[in-house]
Protein chains: 2
Amino acid sequence: MTQYRRIFAEFMKRRGAKITHGRGAILEAVFDNHGHFDVEELYEQLKSRGERVSLATLYRTIPLLVESGLVRQAMRTDATTRYEHVWGHPRHLHIVCKHCGKVVEVELGDMAETLRTLGRNHGYRVEEITLCLRGLCRPCRQKGESDVPA
Amino acid sequence: MTQYRRIFAEFMKRRGAKITHGRGAILEAVFDNHGHFDVEELYEQLKSRGERVSLATLYRTIPLLVESGLVRQAMRTDATTRYEHVWGHPRHLHIVCKHCGKVVEVELGDMAETLRTLGRNHGYRVEEITLCLRGLCRPCRQKGESDVPA
DNA sequence: CCTGCAAATGATAATAAGTCTCATTCGCTA
DNA sequence: TAGCGAATGAGACTTATTATCATTTGCAGG
């Protein structure tokens with residue numbers, strides 16, 4: 001059994017929730033998926049594996065994965081919320097091109113601790129850090145930002 | 001004429017857009033509004049001033065204000081997008097309580113330049129910085145997070 | 001000051017992410 | 001293996017935001 005599956009199983013038992021076939025399939029899909037994904041993409045991924053999991057179940061399961069600490073919300077674009085699984089993904093910030101949508105990830109490093117301390121100084125116990133830079137990448141600047149965005 | 005109105009007028013002329021009564025009213029409402037607001041709140045504010053501006057116009061005008069640099073997107077909650085006008089609001093980060101929704105603002109200070117440089121090192125010209133910490137504030141932690149969120 | 005036209009507006013339909021409902025099915029514990 | 005409460009699917013619902021289109025309005029030029 002993979003480690004994330006064990007973690008998930010323990011979490012679910014602690015929470016008194018059941019591990020159904022659908023939830024297992026979602027977990028596998030999430031961990032197959034290196035990089036960001038949104039609910040719609042995950043849904044397609046499951047369909048192409050031949051899994052029949054409804055969107056409702058996806059929307060119901062993702063909060064469980066987040067709560068278990070296996071998945072985190074990576075960013076909210078203008079349209080949707082994107083997620084990523086946590087393994088091999090240390091905390092990082094995203095740099096997004098406003099024109100073509102390209103995303104670069106940069107590790108937070110010390111900044112994470114700095115920010116957590118800053119939160120603590122204001123009375124908060126920080127649980128999530130969202131740091132996102134938006135601007136234009138070099139190619140889009142050179143092309144004059146005149147093309148249709150991807 | 002206020003300074004923001006002059007800036008707006010110049011921006012609109014440069015852009016070949018017209019300054020209608022509605023747009024003027026929206027501008028005034030935005031600058032009356034110290035702190036965050038979302039579209040719905042702005043709409044109510046305008047109604048209570050006796051201005052008849054449709055939601056459609058609001059949704060069409062806010063991007064112009066953002067493009068002009070007078071307003072920026074402050075944060076996206078789970079439900080809506082919140083904005084704030086730029087005057088007297090140096091760049092800052094938000095610390096949000098996941099339970100009661102309380103928001104504290106902290107100035108970014110040097111960190112803004114650090115982040116811009118970081119973006120530049122990856123080939124991006126950074127135009128927006130979104131930095132948000134989420135966690136529990138002290139009162140909510142002490143109350144055990146058991147109450148209904150505000 | 002008046003005219004004409006492109007741009008702006010309001011009302012409302014459309015879209016789409018996400019949530020809720022409820023009858024049916026399925027994990028799990030005993 | 002049975003039984004119960006939790007989970008599921010299908011689709012209705014909600015709500016922020018965008019698009020449509022007939023009508024109105026700002027404003028440049030005469």
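Chain naming here is simple, since letters A, B, ... match the order of the sequence lines and numbering starts at 1 in each.
- Around the CG atom of B:Asn121, the shell of radius 6.0 Å holds more than 12 heavy atoms that belong to other residues, nucleotides or ligands.
- The side chain to side chain contact (heavy atoms under 4.5 Å, CB included) check on A:Arg15 picks up A:Phe11, A:Leu64, A:Glu67, with sequence neighbours excluded.
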Pairs under 3.5 angstrom, nitrogen or oxygen only, protein versus nucleotides 23-28 of chain C, please.
residue, atom, partner, partner atom, Å
C:dC28, OP1, A:Ile19, N, 3.2

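- Hydrophobic clustering, with ILVMFWY side chains joined whenever heavy atoms are under 4.5 angstrom apart, groups A:Ile19 together with A:Leu27.
- Atom pair A:Arg23:CZ and D:dG9:P shows a separation of 11 Å (rounding to whole Å applied).
- Rounded to 10°, the helix from C:dC1-D:dG30 to C:dA30-D:dT1 has 40° between the axis fitted to its first five pairs and the one fitted to its last five.
- Near DNA chain D, defined here as any heavy-atom distance below 4.0 Å, the residues from residues 34-54 of chain A are A:Arg52, A:Val53, A:Ser54, listed numerically.
- Evaluation of the side-chain hydrogen bond (donor to acceptor under 3.5 Å, both in side chains) test over residues 87-96 of chain B, restricted to residues two or more places apart or in two chains, returns B:His36-B:His94, B:Glu84-B:His92, B:His92-B:His94.
- No path of Ile, Leu, Val, Met, Phe, Trp and Tyr side chains, each step under 4.5 Å between heavy atoms, connects B:Met75 with B:Leu136, placing them in separate hydrophobic clusters.
- Looking only at atom types and distance, the side chain of A:Asn33 has a donor-acceptor partner in the side chain of A:Gln45 under 3.5 Å away.
- Surrounding CZ of B:Arg52 are at most 12 heavy atoms belonging to other residues, nucleotides or ligands under 6.0 Å away.
- A donor and an acceptor atom, one from each side chain of B:Glu51 and B:Tyr43, are nowhere located under 3.5 Å apart.
- Candidate nucleotides D:dA10, D:dA19, C:dT9 were compared by shortest atom distance to the side chain of B:Ala56, and D:dA19 ranks first.
- Under the 4.5 Å side-chain contact rule for hydrophobic residues, A:Tyr124 and A:Leu108 share a cluster.
- No side-chain donor from either of B:Thr117 and B:Thr114 sits under 3.5 Å from a side-chain acceptor of the other.
- A salt bridge is absent between A:Arg72 and A:Glu128; no separation between the charged side-chain nitrogens and carboxylate oxygens falls under 4.0 Å.
- Residue B:Leu55 contributes atom CG, which lies 10 Å from atom P of D:dT17 at whole-angstrom precision.
- Across all non-hydrogen atoms, the minimal contact from B:Val96 to B:Gly101 is CG1-O, 4.2 Å.
- If you check residues 58-84 of chain A against DNA chain D, the residues with a heavy atom closer than 4.0 Å are A:Arg60, listed by number.
- Of the N and O atoms on the side chains of B:Tyr83 and B:Glu41, not one donor lies less than 3.5 Å from an acceptor on the other residue.
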